[in-house]
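Down below is the structure, laid out as structure tokens.
Positions are given from 1 along the sequence.
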Amino acid sequence: MMMTDKEQLNNNVQFQQLSTEMKEAIKSIMVSPTEQEIEDKKNGKRKRKVPLPHGHSQLDWMKKQSAAQPCFDTSGNGGKITIQELKKHNNENDAWTVYKGRVYNITDYFQFHPGGKIELLRAAGNDCTQMFEFTHSWVNFEAMMLKYLVGYLSIEDN
């Protein structure tokens, strides 16, 4: 049986050294697939895509992303984003997510996401790593969101 990200996290030595409060904060932002999504994938059921307006294909996104200015936070904190800060960016008009410890601004992607805004909202203000790997294991998230990197999730106790 495959270990979940939360189980892997519990086995991580660095994670074990954190306070109980910080461990719970990290676990609270992790988005996992639902039981129904796991069952549907096992049975070969594909998720429905939503119709996107003209000019909002994945190719259009890649063009937009390549022309965008980098978002990396250079405010002097070394690009460290706290969980509290991440959680503030949790809606369609201001959305950040974590993927493999890096924080990305996904706000502009809402108009381009083939699964629709509701699916993408699950990631807003949370860590989408497990969900993304489950749903889009073949997609290179880092390349797709390169210019939208805001910083790195700080998992240090304050």
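Residues Met62 and Trp138 share a hydrophobic cluster, clusters being chains of Ile/Leu/Val/Met/Phe/Trp/Tyr side chains in contact below 4.5 Å. Leu52 is not connected to Val139 by any chain of hydrophobic side-chain contacts under 4.5 Å among Ile, Leu, Val, Met, Phe, Trp and Tyr, and they are in different clusters. Taking hydrophobic clusters as Ile, Leu, Val, Met, Phe, Trp and Tyr residues chained together by side-chain heavy-atom distances below 4.5 Å, Phe132 does not share a cluster with Ile38. Linking Ile, Leu, Val, Met, Phe, Trp and Tyr residues whenever their side-chain heavy atoms come within less than 4.5 Å leaves Ile29 and Phe134 in two separate clusters.
Put simply, OG on Ser32 and NZ on Lys27 are 11.5 Å apart, with the number rounded to the nearest 0.5 Å. Remark: Thr82 OG1 to Lys88 NZ distance equals 7.0 Å, nearest 0.5 Å. We find the OG1-NE2 distance between Thr107 and His89 to be 8.5 Å, quoted to the nearest 0.5 Å. Note that the NZ atom of Lys63 and the CG atom of Leu59 stand 4.5 Å from one another [nearest 0.5 Å]. A distance of 4.0 Å separates CZ in Phe110 from CG in Leu120, rounded to the nearest 0.5 Å.
Within the 4.5 Å cutoff, no side-chain heavy atoms of His136 are placed close to those of Met131. Asn126 has its side chain out of reach of Arg122: every pair of non-hydrogen atoms, C-beta onward, lies at least 4.5 Å apart. Side-chain contact between Ile106 and Asp108 is absent, with no heavy-atom pair separated by less than 4.5 Å. Residues Lys117 and Glu92 are in side-chain contact: their nearest non-hydrogen atoms beyond the backbone lie under 4.5 Å apart.
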Where do His113 and Glu119 land on the side chain to side chain contact (heavy atoms under 4.5 Å, CB included) test, with the steps shown first? CA-CA 9 Å; His113 188 250; Glu119 287 298 317; 3.9 Å; yes

For Val103 and Thr97, what are the C-alpha separation, side-chain angles and deciding distance, and is it a side chain to side chain contact (heavy atoms under 4.5 Å, CB included)? CA-CA 6 Å; Val103 179; Thr97 193; over 6 Å; no

Any chance you could lay out the side chain to side chain contact (heavy atoms under 4.5 Å, CB included) test for Leu146 and Glu142, step after step, and finish with the verdict? CA-CA 5 Å; Leu146 181 66; Glu142 289 98 341; 6.0 Å; no

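Minimum interatomic distance between Lys80 and Ser154 (heavy atoms only, all atoms of both residues): CB-CB, 4.1 Å. Between Gln58 and Pro114 the shortest heavy-atom distance is NE2-CD, 3.5 Å. In plain terms, the two heavy atoms of Ser28 and Lys87 that are nearest each other are OG-NZ, 3.1 Å. Shown here for Val31 and Gln130, the closest heavy-atom pair between the two residues is O-CB, 3.8 Å. Closest non-hydrogen pair, Met30 versus Ile26, comes out as CG-O, 3.5 Å. Listed here is the closest heavy atom pair of Asn105 and Met145: O-CE, 3.6 Å.
For Tyr148 and Trp61, the gap between ring centers is short of 6.0 Å. Ring centroids of Tyr99 and Phe141 are separated by less than 6.0 Å, placing the two rings close together.
Counting non-hydrogen atoms of other residues, nucleotides and ligands closer than 6.0 Å to NZ of Lys45 gives a total of 12 or fewer.
With hydrogens and angles disregarded, no donor-acceptor distance shorter than 3.5 Å links the side chain of Gln111 to the backbone of His56. The backbone N or O of Ser57 lies less than 3.5 Å from a partner atom in the side chain of Asp60, making a donor-acceptor pair. No side-chain donor-acceptor contact under 3.5 Å links Lys147 to the backbone of Gln69. Under a 3.5 Å cut-off, the side chain of Asp127 and the backbone N or O of Thr129 do form a donor-acceptor pair.
The pair Lys41-Glu133 does not meet the salt-bridge criterion, since no charged nitrogen lies less than 4.0 angstrom from a carboxylate oxygen.
Using cut-offs of 30° and 60° for the angle between ring planes, the Tyr109 and Phe112 rings count as parallel.
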